[in-house]
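Let me begin by presenting the structure, written as structure tokens, before commenting on it.
Letters A, B, ... are given to chains in the order of the sequence lines, protein chains preceding strands, and every chain is numbered from 1.
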Protein chains: 2
Amino acid sequence: MVDAGAFLTALDASDYRMTAPRRAVAALVADQTGHFSSADLVEQARARRLGVGRATIFRTLDVLTALDLVERIDLPTGEHAYVACEPRHHHHVVCSRCGRSQDIDDAGLRAVVRGIARRTGFRVDDHRLELFGLCQACQALPPEATL
Amino acid sequence: MVDAGAFLTALDASDYRMTAPRRAVAALVADQTGHFSSADLVEQARARRLGVGRATIFRTLDVLTALDLVERIDLPTGEHAYVACEPRHHHHVVCSRCGRSQDIDDAGLRAVVRGIARRTGFRVDDHRLELFGLCQACQALPPEATL
DNA sequence: GTTTTTGCAAACCATTTGCAGGGTC
DNA sequence: GACCCTGCAAATGGTTTGCAAAAAC
């Protein structure tokens, strides 16, 4: 769950045009509690009768991704998903049960990457770290609890 | 490029049946120098007239993945790809130019993950680190060199 | 002989694209 | 007013599935 205002501010500051469909999708994204798929948004948009089409949802997700307001992640299952996030942070811990994600800071990763580069001889341009597990709240739940 | 024998040994030791199509796909995978897509295999299988169908290639990739002989990775572009790898190693540096990948050891990552778990309160069950850049050989090439 | 695996073609799913109309700057 | 954005529907590309025949154990 993210403040929808941040999306609007960022959209406004960008070269993209501020349109009703984009506002609608941004609000939808802000409402998501955990990671979500494009299909989730399409379905919710239809349920709420927002009148935005599939294509626009995909296109808006691209825009939000370009603005670093949303990041596309790959779940352990291989499915694609998105998470809303703060610009500048680029790694997440994702809860396998509730889907909630949390941004994480560098935490020494930078040094690890540097070490790997040195040892392999690669020039490392980009890296992605994704963590999966159970968030605190979900750990506290009885093992069989379903969402 | 990986020893094809390792695939056969692992297949043999598993509960999966050893069949000609699986041997063929395993050999194909062993021949790949870098990461490869399912489409690559399909095309090569057809070029070599191996007589294995699309479906079997996908199914065999699943088998090899289950045996940890192959790992599915997600390129920065969002495309899916596979890399042959040693069981037990689960991180790679992938060259963006030639596609070659190299397994990397823990390199302090374990400690980073532990730190993140402590700080976020998550119980981290799984993690994935993927590095992208240029391998030594490709760095040495003139910038405009094409594959 | 039973169970797994295969190839084929069709089905499926997520994502992209072409285009004419409408909205934004 | 020029250019960007939208919805729609059709196209696309990758992956899965149903099924009867073939192969492995």
Q. Quick one: is D:dT6 close enough that its OP1 or OP2 comes under 4.0 Å of any side-chain N or O from A:T19?
A. yes

Q | C:dT6 base / B:R59 side chain donor-acceptor hit below 3.5 Å | A | no

**Q.** B:D62 or B:Y16, whichever maps to the more 5' nucleotide of DNA chain D
**A.** B:D62

Q) Tell me: CG of A:L50 to P of D:dT6, nearest whole Å? A) 13 Å

(Q) I'd like to check B:V29 versus B:F7 (side-chain heavy atoms, cut-off strictly below 4.5 Å). Are they in contact? (A) yes

**Q.** Side chain A:R17 and base D:dC3 donor-acceptor under 3.5 Å
**A.** yes

Q) Which whole-number value in Å describes the distance from B:E43 CD to D:dG14 P? A) 11 Å

Q | Spacing between B:I57 atom CD1 and C:dA9 atom P, to the nearest angstrom | A | 15 Å

Q | A:H92 ring center near A:H35 ring center (under 6.0 Å) | A | no

Q. Under 4.0 Å: is that the gap between some side-chain N or O of B:R22 and OP1 or OP2 of C:dT5?
A. yes

(Q) Side chains of B:D31 and B:R48, heavy atoms from C-beta outward: is any pair under 4.5 Å? (A) yes

Q) D:dT15 C1' sits how many Å from B:Y82 OH, rounded? A) 9 Å

(Q) Rounded to whole Å, how long is the line connecting atom CD of B:E79 with atom C1' of D:dT15? (A) 15 Å

(Q) If you assign each of A:A20 and B:F58 to its closest nucleotide in DNA chain D, which residue comes earlier from the 5' end? (A) A:A20

(Q) Using OP1 and OP2 only, check whether a side-chain N or O of B:R23 sits under 4.0 Å from C:dT5. (A) no

Q) To the nearest Å, how far apart are A:D74 CG and C:dA14 C1'? A) 14 Å

Q: Measure from CG on B:L61 to P on D:dG14 and round the result to the nearest Å.
A: 14 Å

Q. Over how many whole Å does the gap from B:L75 atom CG to D:dG14 atom P extend?
A. 13 Å

Q. Could you walk me through whether B:D126 and A:L131 pass the side-chain contact (heavy atoms from CB on, under 4.5 Å) check?
A. CA-CA 6 Å; B:D126 194 14; A:L131 307 176; over 6 Å; no

Q: Would you indicate what B:R46 reaches in the nucleic acid, counting non-hydrogen atoms under 4.0 angstrom: base, sugar-phosphate, or nothing?
A: nothing

(Q) Counting the atoms with a prime plus P, OP1 and OP2 as sugar-phosphate, which does A:S37 contact under 4.0 Å by heavy atoms, base, sugar-phosphate, or nothing? (A) nothing

Q.
With a 4.0 Å cutoff (strictly under), does any side-chain N or O of B:R54 reach OP1 or OP2 of C:dA10?
A. no

Q.
Using 0.5 Å steps for rounding, measure from the CZ atom of A:R97 to the CD atom of A:Q139.
A. 11.5 Å

